Amino acid sequence: MEVHRLAVAGQQPTIARHVGDLVSRVWLPRSRFADTASLATATLTLGPDAGAFYDLGWAKDSMGQPRQALASYERALHLYREAGNRGNEAAALTNIGLVHHGLGDGEQALACYRQALPIRREVGDRRGEASTLTNIGLVYHGLGDGEQALAYYGQALPIRREVGDRAGEATTLNNIGVIQFSQGDLAGTQDTLAEVLEVFRAVGDCRSEATASSNMAVVLVKMARMGQAIEFQRRAVALAQQASHPQLDEYRAFLSRLEETKGS
């Protein structure tokens, strides 16, 4: 921070941009969004910079200011295109799509993702390709087209596995399970949730495993398999206690209802 402050004060844009980007890469995953916005704004006093605009867009979106985020991302996109930076162009397009999706504009989000997808493939960004495919699936799901959503999730899933992205694999599987459940495919949902639980156990994510276990209990209740549902919900409560899960009380209440129903 001191190096960045001195670089801005001394009108040294190269140093300010480099250090600002390094600091932002640490702050953004730690939810220091206001600090990141201030940092990027200070960097931009030295002139336009794609990285600073990108970081500012991320911070503004996370702070609940989507319109300001779009303006910053659009500036970043323009500069990335001017520089021929295809990888970052795709990243900016993806984030613009995410903001539009959050604003309820699914069609505009799709337009951005469809521009980003071939670029991801062009530069060989397999992880980014899978994320973009998943994002397209989410938009179609929101538009009520479950079959299209499943088709895109089905393309994303093997890529997630190929690159070893276990968290992304679980996310995509969860999305598939949500659609299967909404379509009444309980057996398919159960199979998918079993895969989700396997991933969370492998990576040691107790909080997510608790959520998936409770979801499995819901499916098993629908399948009239009360005994198994109770077993999964007990597991969900135990994991939720271990992980200080925010829905612990809800999980306990659901378990009590299941036990009362079985006993009556």
Side-chain angles (χ1 to χ4, degrees), residues 58 61-62 64 66-67 69-70 73 90-121 125-163 165-200 203 205 207-223 232 236 246-247 250:
W58 185 341
D61 188 35
S62 302
R67 298 297 178 187
L70 281 176
Y73 279 140
L93 282 165
T94 297
N95 282 5
I96 291 169
L98 287 169
V99 177
H100 281 300
H101 191 194
L103 288 169
D105 190 347
E107 293 298 337
Q108 190 61 46
L110 279 178
C112 293
Y113 296 147
R114 285 172 177 151
Q115 292 180 68
L117 186 59
I119 300 174
R120 299 285 199 190
R121 289 169 172 161
D125 181 3
R126 296 288 277 167
R127 187 180 291 260
E129 179 183 351
S131 294
T132 304
L133 287 165
T134 299
N135 289 337
I136 293 173
L138 283 168
V139 174
Y140 275 117
H141 186 198
L143 293 172
D145 192 339
E147 293 305 320
Q148 276 279 44
L150 284 175
Y152 279 97
Y153 293 150
Q155 293 180 61
L157 187 58
I159 302 175
R160 299 280 204 192
R161 289 169 171 161
E162 172 195 321
V163 300
D165 181 4
R166 301 309 302 275
E169 178 185 353
T171 297
T172 303
L173 283 166
N174 258 322
N175 293 342
I176 291 171
V178 168
I179 294 176
Q180 290 172 321
F181 187 75
S182 68
Q183 293 177 338
D185 181 5
L186 298 179
T189 307
Q190 182 188 10
D191 290 342
T192 300
L193 279 175
E195 292 186 75
V196 172
L197 283 165
E198 182 181 341
V199 174
F200 288 141
V203 301
D205 186 345
R207 178 173 291 200
S208 296
E209 186 185 345
T211 301
S213 294
S214 187
N215 291 341
M216 180 70 90
V218 172
V219 174
L220 290 166
V221 169
K222 290 282 188 181
M223 298 174 78
F232 273 97
Q247 291 180 280
E250 294 176 36

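These numbers come from a predicted model, not from an experiment.
- Across A212 and V196, no two heavy atoms sit closer than the pair CB-CG1, 4.0 Å.
- Proximity of F181 to N215: side-chain heavy atoms (C-beta onward) are nowhere separated by under 4.5 Å.
- Scanning both residues, A149 and G137, for their nearest heavy atoms gives CB-O, 3.2 Å.
- Across all their heavy atoms, L193 and V219 have their closest contact at CD1-CG2, 3.8 Å.
- In this structure, the separation between OG1 on T172 and OH on Y153 is 8.0 Å, given to the nearest 0.5 Å.
- Taking the side chain as every heavy atom from C-beta outward, H141 and V178 approach each other to under 4.5 Å.
- Here the side chains of Y140 and L110 are in contact, with some heavy-atom distance below 4.5 Å.
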Using the side-chain contact (heavy atoms from CB on, under 4.5 Å) rule, take D61 and N95 through it: C-alpha gap first, then chi angles, then the decisive distance, then the call.
-> CA-CA 9 Å; D61 188 35; N95 282 5; over 6 Å; no

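- Rounding to the nearest 0.5 Å gives a distance of 11.0 Å between NZ of K222 and OG1 of T189.
- The two atoms that bring V163 and R127 nearest to each other are O-NH2, 3.7 Å, heavy atoms only.
- Remark: E198 CD is loosely packed, at most 12 non-hydrogen atoms of other residues, nucleotides or ligands lying under 6.0 Å away.
- Among all heavy-atom pairs drawn from L103 and P66, the shortest one is CD2-CG, 3.7 Å.
- Counting all heavy atoms, side chain and backbone alike, H100 lies closest to C112 at CD2-SG, 4.2 Å.
- To the nearest 0.5 Å, the span separating CG on L98 from CG on L93 amounts to 11.0 Å.
- Considering only heavy atoms from C-beta on, Q183 comes within 4.5 Å of L150 through its side chain.
- Taking CZ from R160 and OG1 from T171, the interatomic distance works out to 6.0 Å, rounded to the nearest 0.5 Å.
- More than 12 heavy-atom neighbours from other residues, nucleotides or ligands sit within 6.0 angstrom of OH on Y152.
- Atoms NE2 and CG, on H101 and N135 in that order, are 8.5 Å from each other to the nearest 0.5 Å.
- One finds the OG atom of S131 at 11.0 Å from the CG atom of L117 (value rounded to the nearest 0.5 Å).
- Residues E195 and V199 fail the side-chain proximity criterion, which asks for heavy atoms closer than 4.5 Å.
- In this structure the side chain of L143 reaches within 4.5 angstrom of the side chain of E107, judged on heavy atoms.
- Judged by distance alone, the side chain of T94 and the main-chain N or O of A90 form a donor-acceptor pair under 3.5 Å.
- Side-chain contact between D125 and E129 is absent, with no heavy-atom pair separated by less than 4.5 Å.
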